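Worksheet for the structure shown next.
No experiment lies behind these values; they were computed from the predicted model shown.
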Amino acid sequence: MGDKVAGELGVLPVPDPGYIAEVEDMRVDGGSTSMSVETTLEGNIEVIEEGADLEGSPGQIPDPTVGPCDSQQYALLARKWYTAAVPWYINAGTIRADDLVASNAVTSMRSAMENITQQNNQCGMPDQVDIGQVYQGDTNATAAIGYNSAGQSTCAAASSPSHNGIHTVYFDNRQPNVLGTTCTIAVAHAGASEIVEADIELDNDANVWTTNGAGPGCSTEYDLEGALTHEFGHWFGLDHVSDTHQTMLRAVSPCFIGFRTLGKGDVLGLQARY
């Protein structure tokens, strides 16, 4: 359609009628921001923005008096996949060779996806959710994710000509305060909207990511597997919560590997959505 909506947190093209576009930033301050734009079938445009100051802060420590299996807290986004197995790709050529071992990074990213689709959790809860994924391998594709001179994230894929159906995770330059940006496109559907495109662009600056988690030498790096497990939670329809033991906690902290396994609330959320 050509028109754009500029909010405080992002810039999105006005999607086609019946489509919903969302851009979400994972930030170095431990929070996240998101903006969604929907064009209804009647042509009305609806914009929703969520700021980074709702829950969570960097370095937030889980309450030692309770555990990840004590809380049933979860929250759902108004979207889901309607396909039995989501095909997705990694653009391994965008991984910085001077910062990460590419094979280790790919393993971490694939493990993150499996953490969601297989409900890898700390509570002994079985996989009872009918969702799956099929890793399609390497691709040269990227998504139309970027940012403008004001530091606002953009997602040109919100316009239908930019939909490529190649759900991709890759690395590129992000604005200084952003670890990664997720762009999701969905079609209005009875019940939850149907996801038709999902992409993640991760910051490719040096010393941002680690595949060793809290291992020796980690000080300011973020755990790639844990952070992506959280982002893939959004891919599959989970929203943020305030419980510090759940992977969908809004905050993310350096060297923290706790997001690699789901809490009880995370699993219950997936069961509720699917």
Side-chain angles (χ1 to χ4, degrees), residues 4-13 21-37 47 49-60 90-102 104-105 108-109 112 142-158 168-184 198-214 217-235 240 248-257 259:
K4 295 182 179 180
V5 175
E8 293 184 12
L9 306 177
V11 179
L12 288 170
E22 182 176 44
V23 61
E24 186 229 357
D25 288 336
M26 180 168 50
R27 300 163 54 94
V28 297
D29 63 8
S32 68
T33 59
S34 66
M35 172 182 174
S36 66
V37 178
V47 180
E49 294 188 274
E50 294 185 4
D53 57 350
L54 300 182
E55 297 111 7
S57 60
Q60 190 167 10
I90 295 172
N91 187 332
T94 61
I95 300 171
R96 286 183 64 130
D98 63 341
D99 197 46
L100 291 171
V101 176
N104 291 346
S108 292
M109 290 187 276
T142 58
I145 299 173
Y147 62 96
N148 61 20
S149 59
Q152 298 170 307
S153 290
T154 61
C155 179
T168 307
V169 182
Y170 66 100
F171 294 78
D172 205 343
N173 293 322
R174 299 305 307 149
Q175 56 267 55
N177 63 333
V178 172
L179 293 170
T181 298
T182 298
C183 180
T184 308
D199 302 288
I200 298 175
E201 181 178 280
L202 299 169
D203 187 24
N204 72 345
D205 283 347
N207 302 316
V208 171
W209 302 105
T210 178
T211 57
N212 296 322
C218 183
S219 58
T220 60
E221 297 87 357
Y222 292 82
D223 179 51
L224 181 61
E225 180 182 337
L228 266 183
T229 299
H230 175 99
E231 289 305 299
F232 285 139
H234 290 315
W235 267 28
H240 291 125
M248 297 314 298
L249 174 72
R250 181 177 294 273
V252 57
S253 303
C255 308
F256 179 66
I257 63 173
F259 284 177

| From Asn91 CG over to Ile200 CD1, what is the distance, rounded to the nearest 0.5 angstrom? | 13.5 Å

| task | For Ser108 and Leu224, work out which heavy atoms get closest and say how close. | result | CB-CD2, 4.1 Å

| said: Nearest 0.5 angstrom please: Ile95 CD1 to Asn204 CG, how far? | reply: 11.0 Å

| request: If the plane angle is over 60° it's perpendicular, under 30° parallel, otherwise tilted; pick one for His240 and His234. | output: perpendicular

| request: May I ask you to test the Met35-Val5 pair for a side-chain heavy-atom distance under 4.5 Å? | output: yes

| field | Note, Leu202 side chain near Val169 side chain (heavy atom, < 4.5 Å) | value | yes

| message | Suppose we screen for salt bridge (Lys or Arg N to Asp or Glu O under 4.0 Å). Which residues come up paired with Glu22, at least two apart in sequence or across chains? | response | Arg79

| message | For the CG atom of Leu100 and the OG1 atom of Thr210, what is their distance to the nearest 0.5 Å? | response | 7.5 Å

| said: Minimum heavy-atom separation for Arg174 and Leu179, please, with both atom names. | reply: CG-O, 4.4 Å

| query | Quick one: are Tyr170 and Ile90 in side-chain contact, heavy atoms under 4.5 Å? | reply | no

| Of all residues at least two apart in sequence or in a different chain, which pass the salt bridge (Lys or Arg N to Asp or Glu O under 4.0 Å) check with Glu24? | none

| task | Working to the nearest 0.5 Å, report the span between OG1 of Thr94 and CZ of Arg96. | result | 11.5 Å

| Residues in side chain to side chain donor-acceptor pair (under 3.5 Å) with Glu221, at least two apart? | none

| query | Do Thr220 and Val208 touch side chain to side chain, with heavy atoms closer than 4.5 Å? | reply | no

| request: Taking the side chain as every heavy atom from C-beta outward, state whether Val178 and Asp203 have any pair of such atoms under 4.5 Å apart. | output: no

| request: Please name the pair of heavy atoms, one in Cys255 and one in Ser219, separated by the smallest distance, quoted to 0.1 Å. | output: SG-N, 3.4 Å

| message | Quick check: do Val23 and Leu12 have side-chain heavy atoms less than 4.5 Å from each other? | response | yes

| remark: To the nearest 0.5 Å, atom OG of Ser34 lies from atom CZ of Arg250 at 7.0 Å

| message | For the residue pair Glu201 / Thr181, report whether a side-chain donor-acceptor contact shorter than 3.5 Å exists. | response | no

| Could you walk me through whether Arg27 and Asp25 pass the salt bridge (charged side-chain N to carboxylate O under 4.0 Å, His left out) check? | CA-CA 6 Å; Arg27 300 163 54 94; Asp25 288 336; 5.7 Å; no

| said: For a 4.5 angstrom cut-off between non-hydrogen side-chain atoms, does Phe171 reach Thr142? | reply: no

| query | Is there side-chain contact between Asn207 and Asp99, with at least one heavy-atom pair below 4.5 Å? | reply | yes

| task | List the atom of Pro13, the atom of Cys155, and the distance in Å for their closest heavy-atom pair. | result | CD-O, 3.1 Å

| Do you know which two heavy atoms are closest between Thr182 and Trp235, and how far apart they sit? | CG2-NE1, 3.7 Å

| When rounded to the nearest 0.5 angstrom, what is the spacing between OG1 in Thr211 and CH2 in Trp209? | 12.0 Å

| task | Output, in order, the C-alpha distance, side-chain angles, deciding distance and verdict of side-chain contact (heavy atoms from CB on, under 4.5 Å) for Met248 and His230. | result | CA-CA 6 Å; Met248 297 314 298; His230 175 99; 4.0 Å; yes

| Can you find a side-chain donor-acceptor pair between Tyr147 and Gln152 that sits under 3.5 Å? | no

